[in-house]
Each structure stands twice: as C-alpha cells, then as structure tokens.
Amino acid sequence: MKKSKLLLISTTLFAASTFAASDPVNLNCDPLLDQEYSTFEFIDNLNGTVTDLRTSLIWAKCTLGQTYILSTNSCSSAGAENYLDWGDALSAAASYEVNNISDWRMPNIKELGSLVDRSCAAPTINLTLFPNTVSSIYYSSTPFKGSSVDANYAHLVSRVINFSDGTEMPLTTPESSNTSYVVRAVKGGYN
C-alpha cells in the first residue's frame, strides 16, 4: 500500500513538468568531451523556467530581454538586454517576470558557474536547456574587490562569466569600458 502511494505522489509531483531530454544535435557541444552536467539533472517546467535538481535553483530559460515562446518552449534569438551598469543589471533581475512568475534575482558567481558546460562552446551552456543563449559575458551578484596592485580594480566591481568560453573574471572598470553585459535570472537555492 505504501509503495502505491509513493508512486502516486511521485507521478503527481512531476505531472506538470518534464525532465529535460538529451539533444543529440546540440551542435555547440563536442560529444567526445565529458559534459559537466546532464540534461537529466534538470526539469524543464515548460513555462519559461528550468529547475536544477542538483542545486534546487530555478533558472529563467531565457536571457533577460529575450522573449519566452510558450508554443515552442524556446527563447527568441534576439532581444537580449545589455547592461553597462552592474546596479542596473541587479535591478533588472529583481524586476524580471516570465509567465507571471516573479521574485527573481541575479545569481552569485558559483550559481552562475554551475551552468557552464565546457564541452560546449560559444556558448558554453547546454542549448537544449537554455535555447538561444547569448554567447556573451553574464553578470553575477558576487562583488569583486580588486587588488591595490592593479589600479584598474581599485574599487568594487562584479565577477562575471564569459559564456563564449566559460571563463570567470572580474568586470572591467566602468570608467574604462563601454562594454555591456547580459543577465540570466534565478530564484530559490540550496535545500
């Protein structure tokens, strides 16, 4: 009797969502390299969000500014919003909404790094889970206090990840750069 109830609860829990399937044609990934995570470690909630079973984080499927397309469970290929200012990026993540789901935030550097898959390139992320991801630098909420040795980082700046190649670095100083970066929103956290 208990096994039947457990099966019913398990079926009910995942009825509205689906485990993300492998994509045999994920053309940005090298099948000869070990993946850093499997698509089976995620649940595609079919509403513009993806749940990471490893961390309990809920990720926005699309980069901020892209449109989530319900009929294809995909993201528009254009429209990603670029932010020159870290504060504006933090605010944009906090006010993000997809399918009436709100209460988002910008991920910290470790959370954002959990999406990097170096078996994939330009972008270094699995496109089955995060379609049309921009191959760009993504902000994190983690500050970087620069060394006094390097005058370029003498003030508080953000740590970022370049999803073109998966490298983590400090944000270049706003005074010396007109470069802008993008954001992927997240909610929830470790259990």
>> When you measure from the side chain of Arg184 to the backbone of Ala60, do you find a donor-acceptor pair of N or O atoms at a distance under 3.5 Å?
In response: yes
> So Asp52 and Ser114, side chain to side chain contact (heavy atoms under 4.5 Å, CB included) or not? Walk me through it.
Replying inline: CA-CA 9 Å; Asp52 185 337; Ser114 74; 4.2 Å; yes
>> I'd like to know whether Ser164 forms a side chain to side chain donor-acceptor pair (under 3.5 Å) with Ser135, so could you lay out the CA-CA distance, the side-chain angles of the two residues, the decisive distance to 0.1 Å, and finally the verdict.
In response: CA-CA 5 Å; Ser164 292; Ser135 185; 3.0 Å; yes
Quick one, [X] and [Y] - any side-chain contact, counting heavy atoms below 4.5 Å?
| X | Y | result |
| --- | --- | --- |
| Ser76 | Cys62 | no |
| Asn132 | Leu127 | no |
| Glu168 | Asn162 | no |
| Arg159 | Pro143 | no |

> Is there a side chain to side chain donor-acceptor pair (under 3.5 Å) between Asn73 and Tyr68 once you walk through the steps?
Replying inline: CA-CA 7 Å; Asn73 190 34; Tyr68 172 68; 2.6 Å; yes
Throw together a table of side-chain donor-acceptor distances under 3.5 angstrom for residues 118-125, partners on residues two or more places apart or in other chains.
unit_1 : atom_1 : unit_2 : atom_2 : d
Arg118 : NH1    : Glu36  : OE1    : 3.4
Arg118 : NH1    : Glu36  : OE2    : 3.3
Arg118 : NH2    : Gly166 : O      : 3.0
Ser119 : OG     : Asp117 : OD1    : 2.8
Ser119 : OG     : Asp117 : OD2    : 3.4
Thr124 : OG1    : Phe163 : O      : 3.3
Thr124 : OG1    : Gly166 : N      : 3.4

> Going by an N to O cut-off under 4.0 Å, is there a salt bridge joining Glu111 and Arg105?
Replying inline: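 Yes, this pair counts.
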> Which is it for Tyr138 and Tyr181 under the side chain to side chain contact (heavy atoms under 4.5 Å, CB included) test, yes or no, and what are the steps along the way?
Replying inline: CA-CA 6 Å; Tyr138 281 72; Tyr181 304 114; over 6 Å; no
>> Before you tell me yes or no, could you show the steps for Asn126 and Thr39 under side chain to side chain donor-acceptor pair (under 3.5 Å), namely the whole-Å CA-CA distance, both residues' side-chain angles and the distance that decides it to 0.1 Å?
In response: CA-CA 8 Å; Asn126 189 296; Thr39 54; 5.6 Å; no
>> Walk me through whether Ile58 and Val50 qualify under side chain to side chain contact (heavy atoms under 4.5 Å, CB included).
In response: CA-CA 6 Å; Ile58 300 171; Val50 177; over 6 Å; no
>> Taking side-chain hydrogen bond (donor to acceptor under 3.5 Å, both in side chains) as the definition, give me every residue that meets it alongside Tyr96, ordered by chain and number, with sequence neighbours left out.
In response: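 Counting only residues at least two positions away or on another chain, Tyr96 forms no side-chain hydrogen bond (donor to acceptor under 3.5 Å, both in side chains).
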